[in-house]
Amino acid sequence: MALAVYNDLTRKKETFEPIEKGKVKFYTCGPTVYDFFHIGNARPFVLFDVFRRYLESIGYEVTFVQNFTDIDDKMIRRANETGITVPELADKFIAEYFEDADSLGIKRATLHPRATHEMDEIIKIVSKLIEKGHAYERNGDVYFSVSSFPEYGKLSKQGIDDLRSGARIEVDERKNDPLDFALWKASKPEEPSWESPWGKGRPGWHIECSAMATKYLGNSIDIHGGGSDLIFPHHENEIAQSECASGCQFVKYWLHNAYLMIDKEKMSKSLGNFMTVRNIRKKFNPLVIRYFLLSAHYRSPINFSKEGLDQAQSALERINNCYTDLNFAVLNRKPCGKDDALSEAVLKASKGYTDAMDDDFNTAGALGCVFDVVRAVNVHLTENNGFCEEGIKSAKDFLVKVNSVFGFFPPESSLNSDEEIDGLLAERAEARKCKNFKRSDEIRDLLAEKGIIIEDTAQGARWKRQI
RNA sequence: GGCGGCAUAGCCAAGCGGUAAGGCAGAGGACUGCAAAUCCUCCAUCCCCGGUCCGAAUCCGGGUGCCGCCUCCA
């Protein structure tokens with residue numbers, strides 16, 4: 001089976017065929033860097049990271065672009081409130097973004113362009129839209145003329161008239177049509193501004209993505225991702241701008257993730273019901289958050305709760321334990337006879353994993369296959385004193401392959417080494433030999449306080465860090 | 001008003017026409033000096049009502065409930 005993705009443009013699941021064979025041009029909307037991001041924002045970041053990794057794992061060369069919106073009303077307001085400049089604010093929260101994103105195991109994009117570094121490109125595309133009659137200038141503002149693009153609404157499946165009648169936007173005298181949107185905004189005196197043919201100003205929100213996507217990926221890109229709330233107006237407007245400017249189809253596959261909910265409501269900055277990743281990290285390992293976000297299909301809403309994270313933590317521990325046990329067994333046991341049951345289980349799960357991921361990135365289904373292998377490995381390790389080299393190798397290869405996409409544990413080795421801990425373990429082993437269980441338990445408790453968990457096995461004690 | 005999503009065990013969650021994956025929690029048992037980890041066993045007929053079909057959680061019609069977008073928003 002080949003990879004199929006649900007395309008919001010056609011509202012159908014389609015076989016994925018990139019424009020250029022073997023290569024994928026992938027753009028996803030990044031954060032506006034005026035604050036820490038919350039776990040709802042983290043959902044697309046993690047999701048599209050996994051999609052990108054999966055595409056790479058099945059052999060595609062992926063150019064992955066994620067922008068930073070570093071100039072807009074919110075940036076200006078926040079900078080004013082905190083008494084720093086907009087660029088300072090942007091630099092700070094780009095750094096904070098990377099700290100959280102790195103902790104979530106999100107790979108750096110191929111490129112992370114910033115809106116304010118792309119003014120030439122933005123001005124170029126706005127000029128072009130004016131030239132081609134798709135935009136008009138009004139006192140330093142430039143607006144896109146929605147009526148000049150008959151296909152407007154094709155992503156959100158809304159006719160222009162429906163949009164007009166449902167519009168809750170205020171009537172703006174400067175616009176020809178209430179649906180027209182700003183490509184360029186004249187700046188007020190104290191605001192950051194850039195020189196342009198229309199005077200000093202700054203770009204509208206939508207135009208930066210069109211400019212950056214086009215500059216780095218070309219007129220037509222394969223995948224554009226983002227949260228469902230961006231479908232309208234953001235992505236609809238991107239399409240209008242890009243397609244009017246280039247005359248080409250802007251995006252082949254539009255992918256949107258469903259929201260993260262809290263108390264049956266969408267988590268959002270404006271509702272104030274958000275939990276930042278930075279904050280959750282104080283209580284949970286960020287990879288637990290990552291697991292949690294991948295435990296449901298990306299087009300289904302997911303409900304945030306402490307219980308949900310607790311469950312994710314236990315599940316993730318089960319996977320990690322298995323990987324640790326497996327590596328421990330290889331180092332401390334002797335090979336034994338073949339175990340066909342193990343090999344077969346891995347083979348079956350491996351196929352199931354691929355089928356699930358090929359089916360519109362069904363991460364939840366894929367995880368089920370991972371646990372099938374976990375169970376098979378555990379059973380094998382329980383039923384044998386040694387280990388089946390072939391079976392264990394295939395299981396390990398599978399787990400490593402999955403991990404290259406899901407990113408649940410450090411790939412090198414899960415086995416820890418630490419002089420101090422190893423010393424205490426040796427002392428404990430000696431104590432246990434002499435049936436000095438008091439001392440033995442003291443050492444275990446001592447390490448437990450440091451988050452080190454000891455497990456006794458037939459091959460001696462091993463330890464791991466609490467997730 | 002327009003467009004769209006969701007409803008599967010105590011909780012989370014796959015499945016999308018062939019007789020309910022997986023995880024968490026729980027109960028009992030095994031192993032252990034005690035633990036932990038692990039193993040074994042147990043734990044659902046899929047919101048309701050009709051219909052199509054040999055066969056439906058899966059398709060169609062009608063309900064009920066919840067949510068989202070149409071304004072900044074991942």
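Excluded from the calculations below are hydrogen atoms, water molecules and symmetry mates; all remaining heavy atoms, backbone and side chain alike, are included. Below, chain A is the first sequence line, B the second, and so on; all start at residue 1.
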*Are A:Tyr34 and A:Phe93 close enough that their ring centers fall under 6.0 Å?*
no

_No-H, no-angle donor-acceptor pair, A:Ser440 side chain to B:G33 base, under 3.5 Å_ = yes

*Think A:Asn362 has a side-chain N or O under 4.0 angstrom from the OP1 or OP2 of B:A14?*
no

_Out of B:A25, B:A74, B:C34, whichever nucleotide has its closest atom nearest the side chain of A:Ser314_ = B:A25

*Is the aromatic ring of A:Phe437 within stacking range of B:G33, meaning centres under 5.5 angstrom and planes under 30 degrees?*
yes

*How close or far is atom P of B:G23 from atom CG of A:Asp310, stated in whole angstroms?*
18 Å

*asked:* Tell me which nucleotide, if any, is Watson-Crick or G-U wobble paired with B:C53 when both distances must be under 3.5 Å.
replied: none

_Length of the line joining A:His206:NE2 and B:C72:P, which is rounded to integer Å_ = 6 Å

*Side-chain donor or acceptor of A:Thr15 paired with backbone N/O of A:Ala4 under 3.5 Å*: no

_Taking 4.0 Å as the cut-off, does a side-chain nitrogen or oxygen of A:Arg432 come that near to OP1 or OP2 on B:G33?_
no

*Name the residue closer to the 5' end of RNA chain B, choosing between A:Asn303 and A:Ser270 according to the nucleotide with the nearest heavy atom.*
A:Asn303

*N/O (side chain, A:Arg43) to phosphate O (OP1/OP2, B:A74) under 4.0 Å*: no

*Honestly, is A:Arg43 close enough over A:Tyr298, meaning NZ or CZ under 6.0 Å from the six-membered ring centre and within 45° of the axis?*
no

*If you measure from the C1' atom in B:A13 to the same atom in B:G22, how many Å do you get, rounded?*
8 Å

*So what does A:Gly308 touch, heavy atoms closer than 4.0 Å: a base, only the sugar-phosphate, or nothing?*
nothing

*In terms of side-chain geometry, is the basic nitrogen of A:Asp397 or A:Lys401 positioned less than 4.0 Å from the acidic oxygen of its partner?*
no

_Salt bridge present between A:Asp141 and A:Arg174 (N-O < 4.0 angstrom)_ = yes

*Rounded distance (Å) that lies between atom C1' of B:G1 and atom CG of A:Leu163*: 12 Å

*Proximal nucleotide (of B:U38, B:G33, B:A74) relative to the A:Pro44 side chain*: B:A74

*Going through the distances and angles, do A:Asp73 and A:Arg77 end up as a salt bridge (charged side-chain N to carboxylate O under 4.0 Å, His left out)?*
CA-CA 6 Å; A:Asp73 291 347; A:Arg77 197 187 319 131; 6.0 Å; no

*Kindly say whether, by distance alone, the side chain of A:Arg462 makes a donor-acceptor pair under 3.5 Å with the base of B:A37?*
no

*Could one point to a donor on the side chain of A:Gln311 or the base of B:C11 with an acceptor on the other under 3.5 Å away?*
yes

*Distance between the P atoms of B:G62 and B:C24, in whole angstroms?*
41 Å

_Side chain of A:Phe232 (C-beta onward), nearest among B:C12, B:C34, B:C70_ = B:C70

*Considering just the side-chain nitrogens and oxygens of A:Thr382, establish if one lies under 4.0 Å of OP1 or OP2 belonging to B:C40.*
no

*Kindly indicate whether the side chain of A:Asp263 and the base of B:C67 share any N or O donor-acceptor pair separated by less than 3.5 Å?*
no

_Checking base pairs now: Watson-Crick or wobble, both atom distances under 3.5 Å. What partners B:U64?_
B:A7

*Counting Watson-Crick and G-U wobble pairs only, both distances under 3.5 Å, name the nucleotide matched with B:A20, or none.*
none

_Whole-Å C1' distance, B:A14 and B:A20_ = 10 Å

_A:Phe371 vs A:Met267, nearer the 5' end of RNA chain B by closest nucleotide_ = A:Phe371

*Report yes if a donor N or O on one partner sits less than 3.5 Å from an acceptor N or O on the other, where the partners are the side chain of A:Arg164 and the base of B:C70; otherwise report no.*
no

*asked:* Need the pair for B:A27. Rule: Watson-Crick or G-U wobble, both distances under 3.5 Å, any strand; none if unpaired.
replied: B:U41

*Would you say a side-chain N or O of A:Arg318 is under 4.0 Å from OP1 or OP2 of B:C39?*
yes

*Please measure how far the C1' atom in B:C42 lies from the corresponding atom in B:U52, and state the result in whole Å.*
38 Å

_Tell me which nucleotide, if any, is Watson-Crick or G-U wobble paired with B:C34 when both distances must be under 3.5 Å._
none

_Euclidean distance for C1', B:G23 against B:A44 (whole angstrom)_ = 16 Å

_Proximity to the side chain of A:Met261 - top-ranked nucleotide from B:C34, B:C67, B:A74_ = B:C67

_Side-chain N or O of A:Lys266 closer than 4.0 Å to phosphate OP1/OP2 of B:C69_ = yes

*asked:* Counting only side-chain heavy atoms from C-beta out, which of B:G4, B:C39, B:A37 sits nearest to A:Arg11?
replied: B:G4

*Can a salt bridge be assigned to the pair A:Asp360 and A:Lys13 using a cut-off of 4.0 Å between side-chain N and carboxylate O?*
no

*asked:* Quick check on B:C40: is either OP1 or OP2 less than 4.0 Å from any side-chain nitrogen or oxygen of A:Arg375?
replied: yes

